[in-house]
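Given the structure is predicted, the values throughout are model-derived calculations rather than measurements. So you know, we letter chains A, B, ... as the sequences are listed, proteins then strands, and number each from 1.
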Protein chains: 2
Amino acid sequence: MHTRRKVVVVALGGNSLTKKGQRGTIYEQFANTRASVRTLWHLIELGYQLVITHGNGPQVGDFLIQMESAIAQVPPQPLGVIGAATQGTIGYMIQQTLQNHLILEGRDTPVVTILTQVVVDRHDPLLVDPIKPIGATFYTEEEAKKRMTELGWSMKEDAGRGWRRVVPSPVPLEIVELDVLESLLNAGAIVITAGGGGIPVIIEKDGRYEGVDAVIDKDLASGLLARSLDADVLIMLTAVDRVALDYASGHPTWLDRMTAHEAKEYLAQGQFPQGSMGPKIEASVEYLLGVRHKQTRKAIITDHEHLRQAMTGKAGTTITFQ
Amino acid sequence: MHTRRKVVVVALGGNSLTKKGQRGTIYEQFANTRASVRTLWHLIELGYQLVITHGNGPQVGDFLIQMESAIAQVPPQPLGVIGAATQGTIGYMIQQTLQNHLILEGRDTPVVTILTQVVVDRHDPLLVDPIKPIGATFYTEEEAKKRMTELGWSMKEDAGRGWRRVVPSPVPLEIVELDVLESLLNAGAIVITAGGGGIPVIIEKDGRYEGVDAVIDKDLASGLLARSLDADVLIMLTAVDRVALDYASGHPTWLDRMTAHEAKEYLAQGQFPQGSMGPKIEASVEYLLGVRHKQTRKAIITDHEHLRQAMTGKAGTTITFQ
């Protein structure tokens with residue numbers, strides 16, 4: 001019987017698997033994953049037990065293009081099912097790559113990917129209002145209107161670049177598979193979970209789960225995960241070393257540390273853009289204000305290169321309760 | 001702490017999710033899954049702990065059509081990655097449907113879907129020789145040759161109906177995630193695993209896993225799973241109530257019971273066609289001759305309608321060690 005060690009929830013950004021400018025071939029994705037796994041290995045060496053989450057933006061974009069190209073032959077799938085597909089494909093790449101790294105290092109730690117559903121509120125205004133752009137395809141107004149009529153999509157004009165599909169992105173409230181996740185951690189496993197933010201489900205009046213055609217932000221899901229598991233550390237890996245204030249001004253102030261209350265204040269000031277740094281800060285606040293052992297917990301936002309130093313506060317942005 | 005109960009491995013056929021003649025919309029697939037789950041519920045009522053596997057033929061076929069339709073925009077994925085995607089999508093449908101059934105019945109049994117890799121032998125002749133047709137698309141000779149040249153596919157002419165893509169289907173040898181699966185069973189969970197026969201991997205000389213562009217027969221994987229877990233019963237659900245001898249003659253003899261040695265003999269006589277009943281009988285033989293507690297184990301082949309009666313030997317075909 002293993003005992004649970006210090007637990008870290010690590011959220012891998014979309015660019016951990018597909019880099020900007022790449023086509024996203026399987027060779028590129030596995031090569032990028034190998035690089036990401038070297039970062040994870042450092043955390044294992046430090047004695048942490050890992051819970052890994054990941055984004056799925058580029059992969060969902062690819063599935064949507066494929067789905068639309070074959071729409072006359074194959075019925076389209078809702079976003080929850082596409083999310084489930086990416087939990088499989090990305091989970092597989094991360095899992096196998098990490099298993100191989102562990103094998104070469106002589107470790108027999110089990111690694112497991114579990115399909116994960118995340119409960120959202122059926123009355124969440126964000127579930128009703130589709131505002132999150134999805135996929136990388138821009139359409140003409142005519143193409144957009146055709147899809148709104150024929151496929152029931154919501155489309156919005158995007159800053160003069162064309163029309164894009166937009167989908168709802170409600171707030172994650174509860175990890176359906178939390179008990180299973182705890183069992184696996186107690187058995188000593190490294191767990192890959194809540195991929196792409198998890199498959200969004202609502203709870204019907206009779207208690208049943210029902211999938212909704214939406215996506216969940218993977219950073220917000222990671223914050224929920226870290227809080228629910230009482231994780232020791234929440235790490236969100238991204239493309240920049242640190243969080244900045246006044247970023248848009250051209251004279252950013254880079255932050256080494258802040259408290260959850262300061263972070264909340266900065267959020268209220270509109271310091272962090274939606275869809276990039278905003279959800280990472282929100283997730284940190286959600287985790288640090290809600291987690292059981294607040295005083296000893298920390299959230300870290302940094303890039304792969306600086307994580308090692310960020311673990312001892314020498315790089316990255318560290319957020320603590322106080 | 002739960003203790004492990006009687007374990008049954010149930011393999012759901014492809015027609016448990018997509019029926020012949022249906023387009024395979026998400027509504028059809030969920031409706032079919034709900035019908036399949038009623039069969040699974042009967043096993044839970046009998047006190048069994050379930051390990052569920054499933055086919056993925058129609059779903060892989062759909063992914064291949066989508067992939068080919070968008071090949072100019074999105075790089076194609078190997079079969080292992082497509083298999084991983086279907087473990088996500090089909091796992092999600094079965095898992096949520098089963099969870100909902102359990103909730104309405106007032107049970108809190110956890111249900112979990114785990115990504116599953118299955119080891120094959122790098123020297124397996126079936127890995128070198130692609131003979132298993134995949135997908136539902138038939139090509140002209142010209143289209144087929146173009147794909148052989150440009151995509152490196154193997155194609156074969158199929159009984160005058162046109163050319164089809166063929167892929168290797170090696171013998172499954174070992175479930176990579178077996179330890180995790182045992183932990184989950186010990187924690188009392190219902191586990192969905194080895195979907196589509198599992199993601200085929202070989203073991204490199206340095207011990208690393210490496211995916212191969214192949215598929216594994218889901219019945220053979222189920223037999224391996226039942227043997228590896230020392231499961232009490234292996235159930236393979238299919239479109240017919242019982243196994244027949246001399247089926248092709250037009251005067252079939254329907255079998256209620258046979259021993260593993262009789263089954264092996266019938267296989268040697270060529271009684272069971274490859275790609276349908278053959279692998280189910282092979283899986284039964286593999287399980288019953290290899291499992292630890294041979295004397296008390298049984299394999300059952302039947303359809304959803306007859307499973308209830310088949311559990312007490314009143315329907316279906318039951319295979320025992322002796």
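Residues from residues 190-199 of chain A that place a non-hydrogen atom less than 4.5 Å from a non-hydrogen atom of chain B comprise A:Ile199, given in numerical order. Heavy-atom neighbours of chain A within the stretch residues 70-85 of chain B, taken at a separation under 4.5 angstrom, comprise B:Ala70, B:Ile71, B:Ala72, B:Gln73, B:Val74, B:Pro75, B:Gln77, B:Pro78, B:Gly80, B:Val81, B:Ala84, B:Ala85. Residues of residues 204-211 of chain B placed with any heavy atom under 4.5 Å of a heavy atom in chain A are listed by number as B:Asp206, B:Gly207, B:Arg208, B:Tyr209, B:Glu210, B:Gly211.
Between the side chains of B:Gln87 and A:Gln87, no donor N or O sits under 3.5 Å from an acceptor N or O. Under 3.5 Å, the side chains of A:Glu177 and B:Gln95 contain a donor-acceptor pair of N or O atoms.
If you measure heavy-atom distances from B:Asp179 to chain A, you find no contacts under 4.5 Å at all. Only the side chain of A:Leu184 has a heavy atom closer than 4.5 Å to any heavy atom of chain B. Both the backbone and the side chain of A:Ile114 come within less than 4.5 Å of a heavy atom of chain B. Heavy atoms of B:Ser183 lying under 4.5 Å from chain A belong exclusively to its side chain.
Atom CG of B:Asp213 sits in a crowded spot, with more than 12 heavy atoms from other residues, nucleotides or ligands closer than 6.0 Å. Residue B:Asp121 places its CG atom among more than 12 non-hydrogen atoms of other residues, nucleotides or ligands, all under 6.0 Å distant.
The residue among A:Ile90, A:Thr25, A:Leu102, A:Thr97 with the most heavy atom pairs within less than 4.5 Å of chain B is A:Thr25. Heavy-atom pairs under 4.5 Å with chain A peak, among B:His101, B:Glu28, B:Gln99, at B:Gln99. Here A:Asn100 is the residue among A:Ile65, A:Ile26, A:Asn100 with the most heavy-atom pairs under 4.5 Å with chain B.
Every residue two or more places apart in sequence or in another chain was checked for a side chain to side chain donor-acceptor pair (under 3.5 Å) with A:Arg165, and none qualifies.
Here the CD1-CG distance, from B:Ile94 to A:Leu115, works out to 11.0 Å after rounding to the nearest 0.5 Å. Rounding to the nearest 0.5 Å places CD1 of B:Ile103 at 7.5 Å from CD1 of A:Ile203. B:Leu64 contributes atom CG, which lies 10.0 Å from atom CD of A:Gln66 (distance to the nearest 0.5 angstrom). Note: B:Tyr92 OH to A:Thr116 OG1 = 12.0 Å, rounded to the nearest 0.5 Å.
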